[in-house]
Amino acid sequence: MDVFHVTDLNGNKLTDESVISYIEQSLETTYPDKSLGFNGLTALELTGTDRVGLLSEVFAVLAELQCNVVDAKVWTHNGRIASLIYVKDCNSGSPIEDSRQIDRIEARLRNVLRGDNDIRSARTSVSMAVTHTERRLHQMMSADCDYEQKSDLQCWTDSPVVNVQNWTERGYSVVNVQCEDRPKLLFDVVCTLTDMEYVVFHASINTTGDKAYLEFYIRHTDGTPISLEPERHRLIQCLQAAIERRASEGIRLELCTSDRQGLLTDVTRTFRENGLNVTRAEISTAMGVAMNVFHVTDATRNLADPKSIESVRQKIGLGNLKVKELPFRHSQMAERQDEHEIGVGGAVLLSLGSLVRKNLYNLGLIKSYS
């Protein structure tokens, strides 16, 4: 039996019956719809060396090639970038299926990603397949070996602490993680363990204030624990990277405006011209309205100059582009409250048995959950 103690994003008790009902239905669904609204779109997968203005160049090429960006997610980590972009043809509104057009898109984007000094080869691919976007981004960055080397421009002041030891008597490898708590932390860790072909048998998750403590008892799919030091070291690196990828630092800017062709090109070019670097982005459109989130820093990944932010807002529109939050390291003291006031924290103990295995199966992370 698995027990989850959950709150909303503000640390409050769940009271919305529609949310509770949605959670229950999702957990009970054996074959959920994995399309997430991406049917009828062409998926572009991009990985390469990150640099200031790269996203602006990517969106400019797509606009020139008559590709309308409907949805996208962009992550950066350790000097690398991975993006999953869903597009359709600007004229027909249909997915892009012409092989010659696909070849042109791939070639142009590959040239942009390579730039002048790409230390590793850039990769582009086009797919009609539907996948879980965030899980796929983890896979892309892991395949790009973003976990191997820290970037000179990226210094994590509070890196996750990961330890892996063997419990010889029981035949388990025990993984301990200590890091800042945040939404989707458990998802990121479990996806990584699963994609590395480990099976989670038991786990305990504790949150206290803004800290999270996770412990997993794992084995290989053949039932054996970790036996080699290089494998243990790689697991530690991969888990640290998985936690850091989504925690991109930067000021959060939210754009809500009428969608139009070339909007992303104009917005990201304005960022570039004002010395802002996009460290993470979430692009979405619905009913003709663009709802985009950008995390931005200066060119050296430090806190962006408020004057630059205000200049960008003036050019894009004060009512359209809003500053929602400062980077965590600059705002955590202002936001922190006593645990007894907010009523969150405490311990969440669970055994990741049938329920979690079932949900991993629903996400396509495992082949069976019996």
Side-chain angles (χ1 to χ4, degrees), residues 43-55 57-58 72-85 109-110 112-125 127 131-162 164 175 177 179-180 182 184-198 214 230-250 277-283 294-297 299-302 327-329 365:
L44 308 177
E45 296 184 356
L46 315 175
T47 55
T49 299
D50 188 28
R51 66 178 185 274
V52 176
L54 175 59
L55 207 56
E57 297 177 42
V58 168
K73 278 188 169 63
V74 181
W75 288 358
T76 64
H77 181 247
N78 282 352
R80 305 297 291 175
I81 186 171
S83 180
L84 193 53
I85 304 174
L109 290 176
R110 194 176 300 116
V112 169
L113 289 168
R114 282 174 178 164
D116 298 326
N117 58 350
D118 193 348
I119 59 174
R120 295 200 292 268
S121 61
R123 298 182 181 88
T124 64
S125 65
S127 172
T131 185
H132 190 286
T133 302
E134 293 175 348
R135 185 189 174 206
R136 182 60 189 147
L137 284 171
H138 276 302
Q139 294 172 340
M140 290 164 59
M141 298 208 86
S142 181
D144 195 46
C145 299
D146 72 312
Y147 54 83
E148 287 186 341
Q149 184 176 358
K150 296 290 184 181
S151 167
D152 293 337
L153 296 178
Q154 192 159 9
C155 180
W156 295 94
T157 57
D158 195 6
S159 294
V161 177
V162 181
V164 179
V175 179
V177 179
C179 61
E180 299 289 346
R182 61 165 175 77
K184 299 189 179 181
L185 173 62
L186 184 58
F187 173 88
D188 293 338
V189 173
V190 172
C191 278
T192 300
L193 290 172
T194 304
D195 284 335
M196 296 182 73
E197 299 187 346
Y198 295 111
L214 301 85
E231 180 188 0
R232 188 187 73 86
H233 182 65
R234 180 171 178 268
L235 174 57
I236 291 173
Q237 287 182 311
C238 288
L239 288 175
Q240 288 175 330
I243 295 169
E244 292 172 348
R245 287 170 194 145
R246 201 191 294 269
S248 298
E249 297 185 357
N277 180 45
V278 178
T279 62
R280 189 153 56 97
E282 296 182 14
I283 311 299
F294 302 94
H295 293 254
V296 299
T297 66
T300 58
R301 288 188 177 267
N302 292 316
F328 181 79
R329 69 168 183 260
L365 299 178

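Here the straight-line distance linking atom CG of N277 with atom CG of N302 works out to 11.0 Å at 0.5 Å rounding. Rounding to the nearest 0.5 Å gives a distance of 12.0 Å between OH of Y147 and CG of L239. With rounding to the nearest 0.5 angstrom, the OG1 atom of T133 is 11.0 Å from the CZ atom of R136. Atom CD in E244 sits 10.0 Å away from atom SG in C179 (nearest 0.5 Å). Taking OG of S142 as the reference point, atom NE2 of H77 lies at 11.5 Å (rounded to 0.5 Å). Note: L46 CG to L55 CG = 9.5 Å, rounded to the nearest 0.5 Å.
Using modelled atom types, one side-chain atom of T76 and one backbone atom of T279 make a donor-acceptor pair closer than 3.5 Å. Between the E282 side chain and the K73 main chain, no donor and acceptor come within less than 3.5 Å of each other. With hydrogens and angles ignored, the 3.5 Å screen pairs a side-chain donor or acceptor of T194 with a backbone N or O of V190.
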Test log, rule side chain to side chain contact (heavy atoms under 4.5 Å, CB included), inputs L113 and L54: CA-CA 7 Å; L113 289 168; L54 175 59; 4.1 Å; yes
Could you walk me through whether D188 and R246 pass side chain to side chain contact (heavy atoms under 4.5 Å, CB included), step by step? CA-CA 9 Å; D188 293 338; R246 201 191 294 269; 2.6 Å; yes
When you look at Y198 and V175, which way does the side chain to side chain contact (heavy atoms under 4.5 Å, CB included) test go after all the steps? CA-CA 11 Å; Y198 295 111; V175 179; over 6 Å; no
Check the pair L44 / T124 against side chain to side chain contact (heavy atoms under 4.5 Å, CB included), numbers first and verdict last. CA-CA 7 Å; L44 308 177; T124 64; over 6 Å; no
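Taking a cutoff of 4.0 Å between a charged side-chain nitrogen and a carboxylate oxygen, E180 and R182 do not qualify as a salt bridge. Salt bridge annotation for D144-R80: present, with a cationic side-chain nitrogen under 4.0 angstrom from a carboxylate oxygen. Between R301 and D50 there is a salt bridge, since a side-chain N of the basic residue sits under 4.0 Å from a carboxylate O of the acidic one. Salt bridge absent: E45 and R123 never bring a charged side-chain N and a carboxylate O closer than 4.0 Å. Ion pairing between E134 and R245 fails under the 4.0 Å rule for side-chain N and carboxylate O.
Partners of R234 under the salt bridge (charged side-chain N to carboxylate O under 4.0 Å, His left out) rule, at least two apart in sequence or in another chain, do not exist in this structure.
When all heavy atoms of V74 and S83 are compared, the pair lying nearest together is CG2-OG, 3.3 Å. Shortest non-hydrogen contact noted between P160 and Q240 is O-NE2, 3.2 Å. In terms of heavy atoms, L84 sits closest to L137 at N-CD2, 3.9 Å.
Of the candidates I243, T192, D146, V162, C238 forms a side-chain contact (heavy atoms from CB on, under 4.5 Å) with just one, namely T192.
Using cut-offs of 30° and 60° on the angle between ring planes, the pair F187 and H138 is tilted.
Annotation: side chain of E57 is in contact with side chain of R51 (closest heavy-atom distance under 4.5 Å). Between L185 and V177 the shortest side-chain heavy-atom distance does not fall below 4.5 Å. A 4.5 Å side-chain heavy-atom check between H295 and V278 finds every atom pair outside the cut-off.
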